[in-house]
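Structure, as structure tokens:
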Amino acid sequence: MKKFTKLSFAMLFFLGAFMLNVSAADWSAIVKKLSDAQLTAMSNQKPLPYAYNALEPYIDARTMEIHYSKHHATYTSNMNKAAKGQAFESLSLLRIFVEVDKYPVAVRNNGGGFYNHYLFWEIMKPQGGGLPSEILQKAIQDAFGSFDAFKSEFSKAALDRFGSGWAWLSVDETGHLFVSSTPNQDNPLMPIVEKRGIPIFCLDVWEHAYYLNYQNRRADYVQNFWNLVNWQEVEKRYTEALMALGITK
Amino acid sequence: MKHELPPLPWAKNALEPYISQQTIEFHYGKHHQTYVNNLNNLIVGTPFENSSLEDIILKAEGGIFNNGAQVWNHTFYWNCLMPNGRSEPQGELAKAIQREFGSFEAFKEKFSAAAVSLFGSGWAWLVKNPDGHLEIIQESNAGNPLRKGKTPLLTCDVWEHAYYLDKQNRRADYVADFWKMINWEAVEARF
């Protein structure tokens, strides 16, 4: 009897440890496989993939210029400053994000500000919008029921974010898409969020992203944003996220 | 109880050139008004239907807190400002600032740093603690010092909408101009 109890305890222990291991994804190992893993806290801004005026009339040239050459540039240089000479200087930025609670708050704020804007520029393009291609459309249907349902859930996340922050579409550890929003410059890779995932699509709802053009009318900005989405880029990131997670669909 | 948007204590162009009429038109006429409207819509059928803004600040959560506190914060902010304000406080407040911060200049520097460094949206405050001591604090988003038992004396709104049309990313310039339009008489009276 005694022996049996001991044995069952041992089994329970191993079973528990096994389950814990399965449910807690190894985000450090996962993000290593993403192409953005090459970014470090010493990285520079990448040139914008289009001209400042390319997103007009939805986002005006002046907004783009200040957003890219002032806000994004300041996050980048402040991130570089916070990392220079530190042990994490050459570490992948994405790996820093997955343990960002162990780093100075300047790394979280400015590193987040650097990467979130980097992704934001990538997932927009002039004459964008329309519908995603088949693979991504099917994943969106599976997760949200329909493309319109996804659009309204994402728009709602962007509108309901009180204060400064971002709306996100991310891939969770099971390969499922989900919508979330984060305050300030946090992102879904960081352990401080409610639900973690690999972000593949985002919308900046800091007032600086739209105030010169839309002032208090964030809803108009969010609505017009759909005309700018670079769905090919989002799908590329979706496929890459599945590969990093080791999921074949 | 239906909450109302209180009138501005000065004309919409009165704070020019530091804060433009256009900024005040949006900030007061749209943002402040929207917080009032949202609050009136949200409190219907809740325990806060007949509550004062102060009660809402102390007890509410979520949307009711956010909108209620933002109504209060903005009214307070307008009343901290005036055209051709004095450059420094006088009397007991001036003495207390000197005691607490060493000098008015040191206080200004510390308050400005709090306003400039607040990450994201929010407010910088000069408050009086229950023990009488002055303190400079930062509050994110709709945060309000009453909730922590502190008495607000002066505030600077550093949501981007407070300065973006005039100063864009240059928040430090907005904060530098803030000192040229303070209604010190009102701050002294609160103290």
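We use all heavy atoms of the structure for the numbers below, so side chains are in, but hydrogens, waters and symmetry mates are not. Predicted model, so just to flag it, every value in this text is computed and none were measured. All chains are named by letter (A, B, ...) in the order of the sequence lines, taking the proteins before the strands, and each is independently numbered beginning at 1.
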Spacing of [X] atom [atom1] and [Y] atom [atom2] [to the nearest 0.5 Å]:
| X | Y | atom1 | atom2 | result |
| --- | --- | --- | --- | --- |
| A/Asn184 | B/Asn141 | CG | CG | 7.0 Å |
| B/Asn169 | A/Ser69 | CG | OG | 8.0 Å |
| A/Asn109 | B/Phe119 | CG | CZ | 4.0 Å |

For [X], does the [atom1] atom have more than 12 heavy-atom neighbours from other residues, nucleotides or ligands under 6.0 Å away?
| X | atom1 | answer |
| --- | --- | --- |
| A/Glu56 | CD | yes |
| B/Lys180 | NZ | yes |
| A/Gln127 | CD | no |
| B/Asn84 | CG | no |
| A/Glu89 | CD | yes |
| B/Glu185 | CD | no |

Shortest non-hydrogen contact between A/Asn216 and B/Phe26, atoms and distance
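Looking at all heavy atoms of both residues, the closest pair is OD1-CD2, 3.6 Å.
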For B/Tyr164 and A/Ile66 the tightest heavy-atom approach is OH-CG2, 3.4 Å
Less than 4.5 Å apart, any side-chain heavy atom of B/Gln70 and any of A/Phe162?
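Yes. Closest side-chain heavy atoms under 4.5 Å.
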For chain B, which candidate among A/Glu207, A/Lys70, A/Arg62, A/Gln215 shows the most heavy-atom pairs at distances under 4.5 Å?
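With the most close heavy-atom pairs to chain B, the winner is A/Glu207.
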Options B/Lys30, B/His31, B/His161, ranked by heavy-atom pairs under 4.5 Å with chain A, top entry
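The residue among B/Lys30, B/His31, B/His161 with the greatest pair count is B/His161.
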